[in-house]
Amino acid sequence: MRLNRRTALGLGTVATAGTVLGVAAPASAAPSTEATPTTPAPAARRVASVFTKHSTEAGGNWQAYIGMAGPAGAPVVAVAADADRRIEAYSVNKIAVATAVLDKVDRGLLTLDQQVEVSAAIVVPGGDGIFSLDGAYPSRVTLGHVLANLLTVSDDTAVRLCGLVAPAAEINSILVAKGFPNTQVEPVANPNRFFLGTSTPRETHDLLRALVGGTLLSPASTTYLLGILRSPVAFTDGIRRTMSSDERARIATKAGWYADARHEAGVIFDRSGAAVLTYALFADGQADPDNFGATHPALRARAAMGPKFLAAVDRIAGTGTTFRITARRPSNGG
(Lines give C-alpha, C1' and ligand atoms only; values in the text may rest on other atoms or scores of the structure.)
Protein backbone atom coordinates (compact mmCIF):
# COMPACT_ATOMS: atom_id res chain seq x y z
CA MET A 1 0.00 0.00 0.00
CA ARG A 2 1.45 3.37 -1.04
CA LEU A 3 -0.32 5.30 1.72
CA ASN A 4 1.39 5.83 5.03
CA ARG A 5 1.03 8.42 7.73
CA ARG A 6 3.79 10.60 6.32
CA THR A 7 2.29 10.76 2.82
CA ALA A 8 -1.22 11.27 4.19
CA LEU A 9 -0.04 14.40 5.96
CA GLY A 10 2.31 15.51 3.22
CA LEU A 11 5.40 15.21 5.42
CA GLY A 12 8.49 15.03 3.30
CA THR A 13 6.61 16.42 0.29
CA VAL A 14 6.34 19.91 -1.10
CA ALA A 15 2.84 21.21 -0.38
CA THR A 16 2.81 24.26 -2.63
CA ALA A 17 -0.90 24.97 -2.20
CA GLY A 18 -0.70 25.83 1.46
CA THR A 19 0.51 24.58 4.81
CA VAL A 20 0.32 20.95 5.90
CA LEU A 21 -0.86 20.72 9.47
CA GLY A 22 -0.68 18.38 12.41
CA VAL A 23 -0.28 14.67 12.96
CA ALA A 24 -3.02 12.19 12.17
CA ALA A 25 -4.38 9.93 14.85
CA PRO A 26 -3.44 6.27 14.56
CA ALA A 27 -5.59 4.33 12.13
CA SER A 28 -6.97 2.27 14.99
CA ALA A 29 -7.96 5.28 17.07
CA ALA A 30 -11.54 5.55 18.24
CA PRO A 31 -13.70 8.30 16.67
CA SER A 32 -12.81 11.70 18.07
CA THR A 33 -14.90 13.07 20.91
CA GLU A 34 -13.39 16.54 20.57
CA ALA A 35 -15.63 19.53 20.07
CA THR A 36 -16.37 20.51 16.49
CA PRO A 37 -13.42 22.58 15.23
CA THR A 38 -13.99 26.30 14.78
CA THR A 39 -10.74 27.16 13.00
CA PRO A 40 -9.04 25.59 9.96
CA ALA A 41 -5.98 24.07 11.68
CA PRO A 42 -7.79 21.62 13.99
CA ALA A 43 -10.38 20.94 11.30
CA ALA A 44 -7.58 19.96 8.90
CA ARG A 45 -6.10 17.63 11.52
CA ARG A 46 -9.51 16.03 12.00
CA VAL A 47 -9.91 15.50 8.26
CA ALA A 48 -6.42 13.99 8.01
CA SER A 49 -7.17 11.58 10.85
CA VAL A 50 -10.44 10.48 9.25
CA PHE A 51 -8.78 9.93 5.88
CA THR A 52 -5.91 7.95 7.34
CA LYS A 53 -8.18 5.70 9.40
CA HIS A 54 -10.64 4.75 6.68
CA SER A 55 -8.23 4.52 3.75
CA THR A 56 -5.96 2.28 5.80
CA GLU A 57 -8.88 0.04 6.72
CA ALA A 58 -9.89 -0.23 3.04
CA GLY A 59 -6.37 -1.19 1.97
CA GLY A 60 -4.96 -0.87 -1.52
CA ASN A 61 -3.37 2.26 -2.96
CA TRP A 62 -4.60 5.78 -2.20
CA GLN A 63 -3.49 8.99 -3.86
CA ALA A 64 -5.25 12.03 -2.46
CA TYR A 65 -5.20 15.77 -1.94
CA ILE A 66 -7.59 17.57 0.41
CA GLY A 67 -7.50 21.31 1.01
CA MET A 68 -9.56 23.53 3.29
CA ALA A 69 -10.50 27.19 3.14
CA GLY A 70 -7.76 29.14 4.88
CA PRO A 71 -7.87 32.58 6.47
CA ALA A 72 -5.17 33.93 4.15
CA GLY A 73 -6.85 32.77 0.94
CA ALA A 74 -4.54 29.85 0.13
CA PRO A 75 -5.94 26.46 1.14
CA VAL A 76 -4.82 24.74 4.30
CA VAL A 77 -3.68 21.29 3.16
CA ALA A 78 -5.13 18.49 5.26
CA VAL A 79 -4.01 15.52 3.14
CA ALA A 80 -1.28 15.18 0.51
CA ALA A 81 -0.82 11.49 -0.27
CA ASP A 82 1.12 10.83 -3.48
CA ALA A 83 -0.56 14.01 -4.66
CA ASP A 84 1.53 14.53 -7.80
CA ARG A 85 1.28 11.02 -9.16
CA ARG A 86 -0.18 11.15 -12.67
CA ILE A 87 -2.77 8.39 -12.81
CA GLU A 88 -5.78 7.29 -14.81
CA ALA A 89 -8.58 9.55 -13.58
CA TYR A 90 -11.38 7.68 -15.37
CA SER A 91 -14.76 9.39 -15.03
CA VAL A 92 -13.51 12.04 -12.60
CA ASN A 93 -12.07 13.59 -15.78
CA LYS A 94 -15.61 14.10 -17.06
CA ILE A 95 -15.45 17.34 -15.06
CA ALA A 96 -12.49 18.36 -17.22
CA VAL A 97 -14.35 17.39 -20.41
CA ALA A 98 -17.36 19.44 -19.31
CA THR A 99 -15.03 22.33 -18.52
CA ALA A 100 -13.70 22.33 -22.09
CA VAL A 101 -17.21 22.23 -23.57
CA LEU A 102 -18.38 25.05 -21.31
CA ASP A 103 -15.28 27.08 -22.15
CA LYS A 104 -16.45 26.98 -25.77
CA VAL A 105 -19.92 28.02 -24.62
CA ASP A 106 -18.38 30.97 -22.78
CA ARG A 107 -16.56 32.01 -25.96
CA GLY A 108 -19.75 31.87 -28.02
CA LEU A 109 -18.64 28.85 -30.07
CA LEU A 110 -21.34 26.54 -28.66
CA THR A 111 -24.67 26.92 -26.90
CA LEU A 112 -26.30 24.66 -24.31
CA ASP A 113 -29.45 24.43 -26.43
CA GLN A 114 -27.44 23.34 -29.48
CA GLN A 115 -28.43 19.84 -30.55
CA VAL A 116 -26.32 16.81 -31.39
CA GLU A 117 -27.42 13.54 -32.92
CA VAL A 118 -27.43 10.33 -30.90
CA SER A 119 -26.88 7.68 -33.54
CA ALA A 120 -26.82 3.95 -32.97
CA ALA A 121 -23.13 3.97 -33.90
CA ILE A 122 -22.18 6.47 -31.21
CA VAL A 123 -23.89 4.68 -28.33
CA VAL A 124 -21.49 2.77 -26.06
CA PRO A 125 -23.13 -0.66 -25.81
CA GLY A 126 -23.60 -1.67 -22.19
CA GLY A 127 -21.94 1.49 -20.90
CA ASP A 128 -22.93 3.37 -17.77
CA GLY A 129 -25.71 5.90 -18.15
CA ILE A 130 -29.06 6.14 -19.90
CA PHE A 131 -28.34 6.67 -23.60
CA SER A 132 -27.60 2.97 -24.04
CA LEU A 133 -31.03 2.20 -22.55
CA ASP A 134 -33.01 4.30 -25.05
CA GLY A 135 -33.32 1.57 -27.65
CA ALA A 136 -34.47 4.00 -30.34
CA TYR A 137 -31.97 5.79 -32.55
CA PRO A 138 -31.25 8.22 -34.03
CA SER A 139 -32.46 10.92 -31.67
CA ARG A 140 -31.37 14.47 -31.01
CA VAL A 141 -30.54 16.04 -27.64
CA THR A 142 -29.16 19.37 -26.48
CA LEU A 143 -25.65 19.87 -25.16
CA GLY A 144 -27.24 20.75 -21.83
CA HIS A 145 -28.86 17.31 -21.76
CA VAL A 146 -25.51 15.71 -22.66
CA LEU A 147 -23.63 17.49 -19.86
CA ALA A 148 -26.31 16.74 -17.29
CA ASN A 149 -26.00 13.04 -18.05
CA LEU A 150 -22.22 13.18 -18.28
CA LEU A 151 -21.87 14.53 -14.74
CA THR A 152 -24.73 12.85 -12.85
CA VAL A 153 -25.21 9.27 -14.04
CA SER A 154 -21.71 9.41 -15.58
CA ASP A 155 -23.02 8.48 -19.01
CA ASP A 156 -20.34 6.95 -21.25
CA THR A 157 -22.11 7.82 -24.49
CA ALA A 158 -22.21 11.44 -23.32
CA VAL A 159 -18.40 11.42 -23.56
CA ARG A 160 -18.63 10.62 -27.27
CA LEU A 161 -21.33 13.25 -27.74
CA CYS A 162 -19.03 15.86 -26.16
CA GLY A 163 -16.35 14.75 -28.59
CA LEU A 164 -18.59 15.76 -31.51
CA VAL A 165 -18.27 19.41 -30.45
CA ALA A 166 -14.92 19.35 -28.65
CA PRO A 167 -12.34 17.00 -30.20
CA ALA A 168 -9.66 15.45 -28.00
CA ALA A 169 -6.84 17.74 -29.15
CA GLU A 170 -8.96 20.82 -28.48
CA ILE A 171 -9.98 19.60 -25.01
CA ASN A 172 -6.34 19.06 -24.11
CA SER A 173 -5.25 22.45 -25.42
CA ILE A 174 -8.01 24.19 -23.45
CA LEU A 175 -6.96 22.42 -20.26
CA VAL A 176 -3.28 23.25 -20.79
CA ALA A 177 -4.17 26.90 -21.38
CA LYS A 178 -6.08 26.90 -18.09
CA GLY A 179 -3.05 25.53 -16.25
CA PHE A 180 -3.77 21.79 -16.12
CA PRO A 181 -1.15 19.99 -18.24
CA ASN A 182 -1.56 16.67 -16.42
CA THR A 183 -5.35 16.63 -16.72
CA GLN A 184 -5.62 15.38 -20.27
CA VAL A 185 -7.83 13.04 -22.27
CA GLU A 186 -6.17 10.30 -24.32
CA PRO A 187 -6.71 10.70 -28.09
CA VAL A 188 -7.51 7.75 -30.34
CA ALA A 189 -7.55 7.39 -34.13
CA ASN A 190 -10.93 9.11 -34.42
CA PRO A 191 -10.24 12.76 -33.47
CA ASN A 192 -13.74 13.10 -31.99
CA ARG A 193 -13.27 10.21 -29.57
CA PHE A 194 -10.93 9.70 -26.66
CA PHE A 195 -10.30 7.79 -23.48
CA LEU A 196 -10.82 9.88 -20.34
CA GLY A 197 -7.11 10.06 -19.62
CA THR A 198 -5.09 11.22 -16.65
CA SER A 199 -4.78 13.74 -13.85
CA THR A 200 -3.10 14.07 -10.48
CA PRO A 201 -4.84 14.48 -7.13
CA ARG A 202 -3.34 17.95 -6.72
CA GLU A 203 -4.37 19.07 -10.20
CA THR A 204 -7.92 17.75 -9.84
CA HIS A 205 -8.14 19.58 -6.51
CA ASP A 206 -6.81 22.76 -8.11
CA LEU A 207 -9.22 22.53 -11.04
CA LEU A 208 -12.14 22.34 -8.60
CA ARG A 209 -10.68 25.22 -6.60
CA ALA A 210 -10.47 27.28 -9.77
CA LEU A 211 -14.07 26.38 -10.57
CA VAL A 212 -15.48 27.59 -7.24
CA GLY A 213 -13.05 30.50 -7.30
CA GLY A 214 -14.56 31.78 -10.53
CA THR A 215 -11.34 31.65 -12.55
CA LEU A 216 -12.11 28.53 -14.59
CA LEU A 217 -15.36 29.47 -16.33
CA SER A 218 -17.84 32.32 -16.59
CA PRO A 219 -20.19 32.89 -13.63
CA ALA A 220 -23.10 31.39 -15.59
CA SER A 221 -21.15 28.25 -16.57
CA THR A 222 -19.73 27.90 -13.06
CA THR A 223 -23.20 28.00 -11.50
CA TYR A 224 -24.50 25.59 -14.13
CA LEU A 225 -21.72 23.05 -13.60
CA LEU A 226 -21.89 23.15 -9.81
CA GLY A 227 -25.67 22.86 -9.94
CA ILE A 228 -25.35 19.54 -11.76
CA LEU A 229 -22.66 18.19 -9.41
CA ARG A 230 -24.71 19.18 -6.32
CA SER A 231 -28.01 17.84 -7.62
CA PRO A 232 -29.83 15.00 -5.81
CA VAL A 233 -29.21 12.65 -8.75
CA ALA A 234 -25.44 13.22 -8.72
CA PHE A 235 -23.26 10.43 -7.28
CA THR A 236 -24.47 9.20 -3.89
CA ASP A 237 -22.62 5.91 -3.28
CA GLY A 238 -19.48 7.52 -1.84
CA ILE A 239 -18.96 10.74 0.12
CA ARG A 240 -22.70 11.58 0.07
CA ARG A 241 -24.01 8.09 0.80
CA THR A 242 -25.10 8.40 4.44
CA MET A 243 -26.31 11.98 4.44
CA SER A 244 -29.62 13.81 4.50
CA SER A 245 -30.92 15.58 1.40
CA ASP A 246 -29.83 18.94 2.81
CA GLU A 247 -26.35 17.62 3.58
CA ARG A 248 -25.98 16.13 0.11
CA ALA A 249 -26.93 19.50 -1.39
CA ARG A 250 -23.84 20.99 0.27
CA ILE A 251 -21.55 18.72 -1.72
CA ALA A 252 -20.63 18.83 -5.41
CA THR A 253 -19.06 15.51 -6.35
CA LYS A 254 -18.03 13.30 -9.28
CA ALA A 255 -16.88 9.69 -9.08
CA GLY A 256 -14.93 7.55 -11.49
CA TRP A 257 -14.77 3.78 -11.58
CA TYR A 258 -13.06 1.33 -13.91
CA ALA A 259 -11.15 -1.95 -13.45
CA ASP A 260 -9.95 -1.88 -9.82
CA ALA A 261 -10.05 1.93 -9.50
CA ARG A 262 -12.65 3.80 -7.44
CA HIS A 263 -12.12 7.57 -7.48
CA GLU A 264 -14.09 10.59 -6.28
CA ALA A 265 -13.46 14.33 -6.24
CA GLY A 266 -15.57 17.26 -5.17
CA VAL A 267 -16.25 20.27 -2.98
CA ILE A 268 -18.00 20.67 0.37
CA PHE A 269 -19.74 24.01 0.91
CA ASP A 270 -20.55 25.74 4.17
CA ARG A 271 -24.15 26.49 5.09
CA SER A 272 -24.06 29.79 3.20
CA GLY A 273 -22.86 28.11 0.01
CA ALA A 274 -19.15 29.09 0.10
CA ALA A 275 -16.56 26.40 -0.63
CA VAL A 276 -14.90 25.12 2.55
CA LEU A 277 -13.22 21.80 1.63
CA THR A 278 -12.03 20.38 -1.69
CA TYR A 279 -11.10 16.73 -2.06
CA ALA A 280 -9.55 14.51 -4.73
CA LEU A 281 -9.50 10.86 -3.67
CA PHE A 282 -8.02 8.29 -6.04
CA ALA A 283 -7.92 4.64 -4.98
CA ASP A 284 -7.10 1.32 -6.61
CA GLY A 285 -5.79 -2.10 -5.72
CA GLN A 286 -8.46 -2.91 -3.15
CA ALA A 287 -10.19 -6.26 -2.92
CA ASP A 288 -13.33 -7.12 -4.92
CA PRO A 289 -12.42 -5.35 -8.20
CA ASP A 290 -15.52 -6.67 -9.99
CA ASN A 291 -17.84 -5.08 -7.45
CA PHE A 292 -18.95 -1.66 -8.70
CA GLY A 293 -21.56 -1.27 -5.98
CA ALA A 294 -21.55 0.58 -2.70
CA THR A 295 -20.08 -2.39 -0.79
CA HIS A 296 -16.67 -2.08 -2.46
CA PRO A 297 -13.98 -1.35 0.18
CA ALA A 298 -13.03 2.04 -1.27
CA LEU A 299 -16.67 3.14 -1.46
CA ARG A 300 -17.28 1.98 2.10
CA ALA A 301 -14.27 4.05 3.13
CA ARG A 302 -15.50 7.18 1.33
CA ALA A 303 -19.01 6.69 2.72
CA ALA A 304 -17.47 6.70 6.20
CA MET A 305 -15.30 9.72 5.44
CA GLY A 306 -18.08 11.89 4.05
CA PRO A 307 -20.15 12.66 7.16
CA LYS A 308 -16.97 13.04 9.23
CA PHE A 309 -15.48 15.49 6.73
CA LEU A 310 -18.72 17.45 6.82
CA ALA A 311 -18.78 17.46 10.62
CA ALA A 312 -15.12 18.54 10.79
CA VAL A 313 -15.79 21.68 8.73
CA ASP A 314 -19.33 22.40 9.85
CA ARG A 315 -18.28 25.45 11.87
CA ILE A 316 -15.62 26.65 9.42
CA ALA A 317 -16.53 29.52 7.09
CA GLY A 318 -15.89 28.97 3.41
CA THR A 319 -14.27 31.53 1.16
CA GLY A 320 -15.15 33.24 -2.10
CA THR A 321 -18.42 33.27 -3.98
CA THR A 322 -21.48 31.70 -2.41
CA PHE A 323 -23.41 29.22 -4.54
CA ARG A 324 -26.86 28.73 -3.15
CA ILE A 325 -28.66 25.65 -4.37
CA THR A 326 -32.27 25.74 -5.50
CA ALA A 327 -34.37 23.43 -3.36
CA ARG A 328 -35.60 20.44 -5.32
CA ARG A 329 -38.72 18.57 -4.31
CA PRO A 330 -39.99 15.23 -5.61
CA SER A 331 -42.96 15.39 -7.96
CA ASN A 332 -45.92 13.07 -8.16
CA GLY A 333 -46.49 13.88 -11.81
CA GLY A 334 -49.47 15.93 -12.94
Side-chain angles (χ1 to χ4, degrees), residues 89-107 109-119 122-124 126-166 171 174-175 185 192-194 196 204 207-208 211-212 216-240 245 248-257 263-267 269 273 323-331 333:
Y90 299 120
S91 288
V92 168
N93 260 9
K94 288 175 180 174
I95 300 175
V97 172
T99 295
V101 172
L102 288 169
D103 176 81
K104 295 187 69 174
V105 171
D106 289 344
R107 289 183 285 135
L109 303 176
L110 300 172
T111 62
L112 287 177
D113 60 2
Q114 179 176 331
Q115 294 187 345
V116 293
E117 182 178 284
V118 185
S119 65
I122 208 168
V123 172
V124 178
D128 287 320
I130 65 171
F131 284 114
S132 63
L133 303 177
D134 289 356
Y137 314 101
S139 62
R140 299 189 69 82
V141 296
T142 66
L143 283 181
H145 186 76
V146 171
L147 292 178
N149 283 284
L150 179 79
L151 297 172
T152 56
V153 294
S154 201
D155 196 293
D156 293 332
T157 297
V159 176
R160 293 183 174 183
L161 295 173
C162 287
L164 295 178
V165 299
I171 290 172
I174 289 170
L175 292 169
V185 299
N192 296 103
R193 293 192 183 178
F194 48 84
L196 286 164
T204 294
L207 186 148
L208 289 166
L211 176 65
V212 297
L216 190 70
L217 296 167
S218 71
S221 290
T222 298
T223 300
Y224 173 78
L225 183 51
L226 289 173
I228 294 174
L229 294 173
R230 290 173 72 178
S231 67
V233 74
F235 188 71
T236 56
D237 269 352
I239 291 291
R240 304 202 306 173
S245 298
R248 287 178 174 180
R250 290 175 57 188
I251 299 174
T253 200
K254 180 73 190 76
W257 53 91
H263 307 328
E264 189 171 359
V267 180
F269 297 85
F323 299 94
R324 298 187 181 279
I325 193 165
T326 302
R328 290 179 169 88
R329 297 288 182 265
S331 169

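Looking at T99 and L225, their side chains come closer than 4.5 Å, going by heavy atoms from C-beta outward. Put simply, the side chain of V97 reaches to within 4.5 Å of the side chain of F194, judged on heavy atoms. Side-chain contact between L164 and L161 is present, with at least one heavy-atom pair separated by less than 4.5 Å. Using a 4.5 Å heavy-atom threshold, the side chains of V116 and L143 count as touching. Residues L147 and C162 meet the side-chain proximity criterion, which asks for heavy atoms closer than 4.5 Å.
Listed by chain and residue number, H145 satisfy the ring pair (Phe, Tyr, Trp, His ring centres under 6.0 Å) test with F131 (two or more places apart in sequence, or in another chain). With sequence neighbours left out, F235 forms a ring pair (Phe, Tyr, Trp, His ring centres under 6.0 Å) with W257. With sequence neighbours excluded, the residues satisfying side-chain hydrogen bond (donor to acceptor under 3.5 Å, both in side chains) with R107 are D103.
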Evaluate side-chain contact (heavy atoms from CB on, under 4.5 Å) for K104 paired with I171, printing each intermediate quantity in order. CA-CA 10 Å; K104 295 187 69 174; I171 290 172; over 6 Å; no
L112 vs T142, test: side-chain contact (heavy atoms from CB on, under 4.5 Å). Steps then yes/no. CA-CA 6 Å; L112 287 177; T142 66; over 6 Å; no
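One distance of note links CG of L102 with CG of L211; it measures 9.5 Å at 0.5 Å rounding. For the atom pair L216 CG and I95 CD1, the distance stands at 10.5 Å (nearest 0.5 Å).
Between F323 and F269, the ring planes lie perpendicular to each other; the angle is over 60°, past the 30° to 60° tilted range.
By the neighbour-count criterion of 12 heavy atoms within 6.0 Å, atom CZ of R140 is densely surrounded, having more than that number from other residues, nucleotides or ligands.
At least one donor-acceptor pair under 3.5 Å links the side chain of T157 to the backbone N or O of V124. When atom types are taken as modelled, the side chain of Y137 and the backbone of I122 share no donor-acceptor pair closer than 3.5 angstrom. In this structure a side-chain-to-backbone donor-acceptor pair under 3.5 Å is present from D106 to S218. Of the possible donor and acceptor atoms, none in the side chain of K94 sits under 3.5 Å from a partner among the backbone N and O of K254. At least one donor-acceptor pair closer than 3.5 Å links the side chain of D156 to the backbone N or O of D128.
Counting all heavy atoms, side chain and backbone alike, P232 lies closest to R328 at CD-CD, 3.4 Å. Residues R240 and A234 approach most closely at NH2-O, 3.0 Å, considering heavy atoms. Shortest non-hydrogen contact noted between S132 and G129 is OG-O, 4.3 Å. Between A265 and T204, the shortest heavy-atom distance links the atoms CB-CG2, 3.6 Å. Between L217 and T222 the shortest heavy-atom distance is O-OG1, 3.4 Å. Here the shortest heavy-atom pairing between V141 and V118 reads CG2-CG2, 3.8 Å.
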